[in-house]
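A short worksheet on the structure shown next.
Predicted, not measured: the structure shown is a model, and the values here were computed from it. First listed ligand is number 1; within each ligand, the first listed atom is number 1. Below, each value reflects all heavy atoms present in this structure, side chains not excepted, and no hydrogens, waters or symmetry copies. All residue numbers in this chain count up from 1 along the given sequence.
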Amino acid sequence: MSHTAHSAASDNYIEALVVGTGFAGLRTLIELRKLGISALSLEAGSDVGGTWYWNRYPGARTDSAAWTYALRLPEVEAEWTWSEKYPAQEEVQRYLAFVAERMDVRRDIRFNQLVTSATYDEESNLWTVTTESGDTFTCRYFMPALGHLSNPSIPFDGAENFKGEIYLTSKWPQEKVDFTGKRVAVVGTGSSGVQVIPLVAQEAEHLTVFQRTPNYIMPAQNHALDEDFRRELRQRASAEWAKANNHFFGFAMDPAGRTYDDVASEEERERIFEEGWQKGGFHFVFETFDDIVLDQRSNDAASEFIRTKIRETVKDPATAELLSPRDHPYVSKRPPSGTDYYETYNRDNVTLVDVKPVPIEAFTPTGLRTSREEYDFDVIVLATGFDVSTGSYARIEVTGRDGRKLTDAWAGGPETFLGVSAPGFPNMLMVCGPQTPYVNHPVAVESVVTWLGGMLEWLRDNGYDRVEATSEAAEQWSELIEQIFSATLLSAGAQANSWYVGANIEGKPRRALFYFGGSAGYAAAASEVAENSYRGFSYSKVFGGGPGDGTQLPDAVAPVAAHS
Ligand code: NA7
């Protein structure tokens with residue numbers, strides 16, 4: 001197949017095609033605009049936001065402080081004000097819409113376009129991307145920015161049999177759902193369940209919570225931000241970002257500066273944990289002891305402190321015991337933050353059902369059936385999580401060189417270099433794909449997008465138009481990820497269905513889906529690659545020219561000169 005310069009000008013050719021307009025997709029459009037690379041994003045929703053568009057269930061809010069759960073854009077920072085420390089879904093979605101307006105990238109977005117396939121053609125060095133509505137686009141660079149939590153998991157069958165209402169937290173309707181006077185079930189006690197449960201309990205006639213694995217749930221301690229705080233925050237914005245970039249998990253927090261062994265007295269440890277608990281959320285893990293995810297004793301102490309809090313809060317001892325995690329270390333599953341979560345179980349209209357020993361088998365016409373009994377409901381809310389990270393990619397039929405499917409390439413788990421490129425899929429540049437850092441998400445986005453921007457600039461300066469991770473680099477990166485992961489206590493979460501390793505999805509390979517070497521560790525590894533002429537990538541001149549230099553499409557195929 002031969003393409004002409006004429007086809008470059010056809011309506012649906014774009015140099016870089018982004019998929020998604022969450023934090024990653026929007027930040028990518030902004031970067032590409034800066035670099036003078038023509039770009040378009042296809043978005044399945046009717047507005048920007050990604051996760052923050054879809055997950056509009058009552059109680060949905062961030063677990064990260066607003067000012068660093070944001071993009072590092074001075075223009076936006078100067079004009080935007082956050083109302084709360086942990087803003088609600090509506091505010092985050094509105095913020096992302098503001099980003100799109102202020103940075104003038106809304107015109108680069110096509111809404112209501114669910115991407116269904118993307119296919120690479122070696123000869124033309126182009127990707128063809130199709131959408132559910134039947135539209136087709138061609139591009140040089142295919143840049144999926146799909147998010148890690150975008151493919152919902154519905155783990156049991158028969159939804160079509162149920163006569164009542166079913167809602168997924170991850171696909172919540174725009175209209176308010178009224179639970180008043182209804183018998184409601186919530187399945188799932190991860191972050192989404194923990195946020196929605198207390199609010200449903202306030203409205204429902206009766207709420208039954210189905211729990212498979214109890215979590216360690218921190219009190220969020222959310223609060224409004226006043227003008228004095230915001231003014232002060234604007235002055236130290238750079239310092240906050242520097243802290244976040246240096247923090248292992250991307251939060252603007254200083255290390256605690258002590259480990260378990262530094263504190264000999266039990267009382268003093270309790271005092272430190274209590275202080276962390278009062279600050280709430282991730283302050284508890286990151287500002288108490290620095291070795292909670294590394295030293296079993298430190299983790300045991302933190303876990304026991306939380307269990308004590310549960311016992312103190314929940315009046316019924318049997319319910320308190322069911323809510324107390326014992327089968328996995330604290331943080332080895334993503335710990336939720338909640339508001340009045342444990343207190344909710346003291347309400348007369350709330351029942352907790354442990355489905356670990358008696359799994360939910362299916363929906364029935366009137367409710368749910370576990371292996372032991374049937375329950376009747378008017379409304380069922382599924383907060384049952386996601387096929388994380390690789391699952392976002394599995395929703396698109398991605399075909400690389402020689403007809404190889406991405407799902408086949410990743411059948412044993414993801415294989416990427418730096419989480420941005422997979423061997424066999426040239427010019428597919430993933431914006432925070434599998435194996436990127438597991439940190440406060442916008443921090444990872446900033447790091448990955450600016451790095452990708454640097455690479456695209458470098459390709460242009462050197463006249464390359466094809467780039468791809470080598471198999472060796474991807475293998476080494478995957479090995480490094482496993483090594484880091486297994487050196488921490490996080491790996492123990494696999495036994496309790498942790499989605500860090502795909503253990504929440506039946507049949508999914510158990511492999512760490514993220515790089516757990518920290519924000520700074522990732523930035524250093526990525527910089528080292530860039531400084532060494534993108535070591536670990538092969539790049540070539542297929543038709544000469546590079547991104548944004550105007551030499552877009554081939555008249556004839558030129559020989560490929562591979563470098564690595
Ligand atoms: P999560 O954290 O994956 O939580 C899903 C919950 O659903 C979790 O409690 C699961 O139990 C439960 N679940 C899943 N399948 C079943 C079945 N078959 N029966 C009963 N319970 C089930 O997803 P969230 O949406 O809450 O949070 C995702 C992320 O969003 C969060 O971490 C933040 O980053 C924001 P399990 O623990 O697997 O036993």
Side-chain angles (χ1 to χ4, degrees), residues 22-23 50-52 54-57 59-64 69 86 89 92 147-159 167-172 185-197 208-218 220 249-251 281-282 322-323 325-328 331-338 341 352-363 368-372 375 380-389 391-392 432 438-442 444 490 493-508 510 513-514:
F23 276 95
T51 289
W52 294 102
W54 297 105
N55 290 263
R56 54 181 75 225
Y57 59 86
R61 60 177 65 252
T62 72
D63 290 347
S64 302
Y69 194 74
Y86 302 119
Q89 171 275 332
V92 183
H148 296 294
L149 302 157
S150 57
N151 186 356
S153 162
I154 303 177
F156 30 83
D157 298 329
Y167 300 101
L168 256 70
T169 48
S170 52
K171 272 205 170 167
W172 201 262
V186 173
V187 185
T189 53
S191 293
S192 306
V194 163
Q195 290 184 333
V196 82
I197 284 165
T208 306
V209 175
F210 290 90
Q211 171 190 276
R212 188 167 66 180
T213 309
N215 265 316
Y216 298 92
I217 295 145
M218 299 298 108
F249 285 90
F251 293 102
F282 287 111
L322 279 185
L323 288 165
R326 297 194 185 273
D327 64 351
H328 65 284
V331 196
S332 69
K333 284 171 72 98
R334 171 26 169 109
S337 293
Y341 180 70
L352 179 66
V353 176
D354 176 14
V355 289
K356 184 101 177 174
V358 285
I360 299 173
E361 290 181 340
F363 292 90
L368 288 169
R369 189 183 71 234
T370 68
S371 60
R372 189 171 52 201
Y375 298 84
I380 297 174
V381 173
L382 297 177
T384 42
F386 300 86
D387 184 350
V388 173
S389 199
S392 310
C432 291
Y438 184 76
V439 301
N440 177 29
H441 188 54
L490 302 178
Q495 73 217 20
N497 315 322
S498 167
W499 52 254
Y500 291 165
V501 282
N504 61 326
I505 301 291
E506 223 180 292
K508 190 166 172 169
R510 303 303 190 240
L513 293 168
F514 303 92

Atom 24 (P) of ligand 1: which protein heavy atom is closest, and how many Å away?
-> Ser192 OG, 3.3 Å
Nearest protein heavy atom to atom 23 (O) of ligand 1, by residue and atom, and its distance?
-> Gly385 CA, 3.3 Å
Within-cut-off N or O pair, Gly190 and ligand 1, under 3.5 Å | yes
In ligand 1, which numbered atoms sit nearer than 4.0 Å to a non-hydrogen atom of Val187?
-> 20 (C), 21 (N)
Find all atoms of ligand 1 within a distance of less than 4.0 Å from any non-hydrogen atom belonging to Thr189, and give their numbers and elements.
-> 6 (C), 8 (C), 9 (O)
Report, in ascending order of atom number, the atoms of ligand 1 lying under 4.0 Å from any heavy atom of Pro155.
-> 15 (N), 16 (C), 17 (C), 18 (N)
Which of the listed options, Phe156, Tyr500, Tyr438, Phe210, holds the heavy atom that is closest to atom 19 (N) of ligand 1?
-> Phe156
Which heavy atom of the protein is the closest neighbour of atom 31 (C) of ligand 1, given with residue, atom name and distance?
-> Ser191 OG, 3.3 Å
Would you call the rings of Phe23 and His441 parallel, tilted or perpendicular, where under 30° means parallel and over 60° means perpendicular?
-> perpendicular
N or O pair under 3.5 Å between Phe386 and ligand 1 | no
Can you say whether the rings of Tyr167 and Trp172 are parallel (under 30°), tilted (30 to 60°) or perpendicular (over 60°)?
-> tilted
re atom 5 (C) of ligand 1, the protein heavy-atom contact at minimum distance is Ala383 O, 3.3 Å
Atoms in ligand 1 with a heavy atom of Leu149 nearer than 4.0 Å = 29 (C), 30 (O), 34 (O)
Begin with the C-alpha distance, continue with both residues' side-chain angles, and end with the deciding distance and a verdict on side chain to side chain contact (heavy atoms under 4.5 Å, CB included) for Tyr375 and Ile380.
-> CA-CA 11 Å; Tyr375 298 84; Ile380 297 174; over 6 Å; no
Would you say Trp499 contacts ligand 1, with heavy atoms under 4.0 Å as the rule?
-> yes
Would you check whether Lys333 reaches within less than 4.0 Å of ligand 1, judged by its heavy atoms?
-> yes
Considering only the protein, which heavy-atom contact is closest to atom 39 (O) of ligand 1, and what is its distance?
-> Thr213 OG1, 2.5 Å
Heavy-atom contacts with Gly188 under 4.0 Å: which atoms of ligand 1 show up? List them by number with element.
-> 6 (C), 7 (O), 9 (O), 12 (C)
So which protein heavy atom does atom 11 (O) of ligand 1 come closest to, and at what separation?
-> Arg212 NE, 3.7 Å
The protein heavy atom nearest to atom 33 (C) of ligand 1 is Arg334 NH2, 3.3 Å
